[in-house]
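Shown next, in structure tokens, is the structure this report addresses.
Being a predicted model, the structure only gives us computed values, none of them experimental. Chain identifiers are assigned alphabetically (A, B, ...) following the order of the sequence lines, protein sequences preceding nucleic acid strands; residue numbering begins at 1 within each chain.
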Amino acid sequence: MRVGLCCQFAEQAIKFRITTATAVLKLARPAQLQKLSELCLHNAGALQQAIEWCAANEVGAYRVMSQFWPLKTHPTCGYQLSDLPAAANITAQLAVCRNMAASSNVRLSFHPDQFVVLNSPRAEVVESSLAELEYQAEAAELIGADVVNIHGGGAYGDKVTALARFRENLPRLSPRARKLLTLENDDKVYTPSDLLPICRAEHIPLCYDVHHHRCLADGLTIEEATAAAVQTWQGREPLFHISSPLQGWEKPQPQLHHDYIEPGDLPPGWLQLPITLDIEAKAKELAVLRLQAWIKKAQKEPPRNSRALAAAKKRG
DNA sequence: AGCGGTCAAGTTGAT
DNA sequence: ATCAACTTGACCGCT
């Protein structure tokens with residue numbers, strides 16, 4: 001099992017830069033491209049730092065932020081990589097990232113954000129979603145990322161119809177983007193049971209989020225969902241997510257993320273699985289390192305350690 | 001240098 | 001009706 005860091009660092013001075021459309025639109029086009037070029041080049045350098053940090057700390061995966069190329073698909077600020085003055089430098093730097101990630105075995109992935117809704121009834125939403133998926137797939141190819149993971153989208157009162165629409169839109173993706181696509185269960189609409197049929201039929205891996213599953217349950221146990229999700233990866237290393245509730249499972253809003261991962265929230269069966277586990281926790285790399293240390297201990301002495309921890313917790 | 005308002009986008013559910 | 005939440009605060013203009 002390897003653990004993964006998502007996007008940002010809490011303490012490490014590794015920063016990705018973004019901008020706003022408002023700021024960019026105040027500039028003439030050449031100045032726009034100059035600014036965006038600088039940000040892309042900076043972010044490519046930051047990605048190298050992030051990969052180096054992961055490799056040095058035995059963190060086996062890293063999720064790249066969606067704004068890696070800021071405003072890439074914006075209707076008026078958008079651009080092609082080849083439009084940027086520093087395109088050659090950026091491409092070269094991305095190749096450095098790809099080689100470094102490969103040689104140090106740091107798995108890279110993308111997770112387009114909430115605006116990417118492939119099953120929306122609104123054509124313009126689907127269009128912008130497709131554009132965003134193509135952008136992230138282009139970046140993924142250049143750095144060697146193997147996953148672009150999204151949610152099912154909205155329900156619009158009828159999940160079956162909505163998921164059918166998702167499926168109908170799949171052929172509109174390029175082969176490159178289609179190959180990288182994975183589906184994740186969410187905490188409001190689509191459970192693993194909802195997604196597994198389309199995952200199997202379309203050969204889309206299920207990125208199983210156990211925290212979401214606990215927030216929005218279906219008939220499946222965690223063990224059943226785990227086994228079913230692993231199957232959808234068809235021999236590839238599965239990518240799963242975990243987080244812990246901010247105020248515990250008994251308080252309202254358990255879907256809110258805690259700073260760290262409570263080891264008790266890690267399904268015990270996962271310890272021996274060859275999976276990538278992205279850590280969604282506010283304390284970022286600190287949470288990853290803390291869970292990583294706990295996992296290593298637990299793997300050394302599986303039964304005693306977890307029992308001892310449970311007992312210690314009971315004693316307080 | 002520090003501070004506060006603002007930021008491209010969708011959908012849901014809590015208040 | 002408004003707004004926070006989501007993978008995440010950072011940017012920018014003003015003082």
Find every protein N or O atom lying less than 3.5 Å from an N or O atom of nucleotides 9-13 of chain C, and list the pairs.
residue	atom	partner	partner atom	Å
C:dC12	OP1	A:Thr19	OG1	2.9
C:dC12	OP1	A:Lys35	NZ	2.8

Identify, with sequence neighbours excluded, every residue that meets ring-ring contact (aromatic ring centres under 6.0 Å, His included) alongside A:Trp69. A:Tyr135

Under the rule for ring-ring contact (aromatic ring centres under 6.0 Å, His included), what residues qualify as partners of A:His241, not counting sequence neighbours? A:His111

Please list, chain by chain and in numerical order, all residues satisfying side chain to side chain contact (heavy atoms under 4.5 Å, CB included) with A:Val230, sequence neighbours excluded. A:Thr226, A:Pro238, A:Phe240

Determine, for A:Lys296 against A:Glu58, whether the closest basic-nitrogen to carboxylate-oxygen distance falls under 4.0 angstrom. yes

Across all chains, not counting sequence neighbours, the salt bridge (charged side-chain N to carboxylate O under 4.0 Å, His left out) partners of A:Arg167 are A:Glu202

With sequence neighbours left out, write down each residue that passes ring-ring contact (aromatic ring centres under 6.0 Å, His included) with A:Phe9, or none if nothing qualifies. A:Trp53

Close approaches to DNA chain B from residues 119-127 of chain A, in residue order (heavy atom, under 4.0 Å): A:Ser120, A:Arg122, A:Val125

Could you give all pairs that pass the ring-ring contact (aromatic ring centres under 6.0 Å, His included) test and reach residues 21-45 of chain A, with sequence neighbours left out? none

Close side-chain approach of A:Tyr156 and A:Arg165, heavy atoms under 4.5 Å: yes

So is the aromatic ring of A:Phe115 stacked onto the base of B:dA9, judging by whether the centres are under 5.5 Å apart and the planes are under 30° apart? yes

For DNA chain B, find the residues of residues 135-157 of chain A with a heavy-atom distance under 4.0 Å and give them by number; none if there aren't any. A:Gly154, A:Ala155, A:Tyr156

In whole angstrom, what separates A:Leu71's CG from B:dA8's C1'? 8 Å

At under 4.0 Å, does any side-chain N or O of A:Thr22 touch on OP1 or OP2 of B:dA8? yes

Output all residues satisfying salt bridge (charged side-chain N to carboxylate O under 4.0 Å, His left out) with A:Arg98, sequence neighbours left out; order by chain, then residue number. none

Do A:Met1 and A:Pro274 make a side-chain contact, defined as non-hydrogen atoms from C-beta onward lying under 4.5 Å apart? no

SB check A:Glu132 A:Lys72 (cutoff 4.0 Å): no

The correct list of stems in which DNA chain B takes part (3 or more consecutive Watson-Crick or G-U pairs, distances under 3.5 Å) is B:1-7 with C:9-15, B:10-15 with C:1-6

Euclidean distance for C1', B:dG5 against C:dC6 (whole angstrom): 22 Å

Which nucleotide in the set C:dT8, B:dT12, B:dA8 lies at the smallest distance from any side-chain heavy atom of A:Gln114? C:dT8

Can you check whether any acceptor in the base of B:dA8 is under 3.5 Å from a donor in the side chain of A:Thr73, or vice versa? yes

note: A:Leu118, atom CG; B:dG10, atom C1'; distance rounded to Å ~ 13 Å

State, yes or no, whether a side-chain contact exists between A:Leu84 and A:Cys40 at a heavy-atom distance under 4.5 Å. yes

What residues form a ring-ring contact (aromatic ring centres under 6.0 Å, His included) with A:His213, not counting sequence neighbours? A:Tyr208

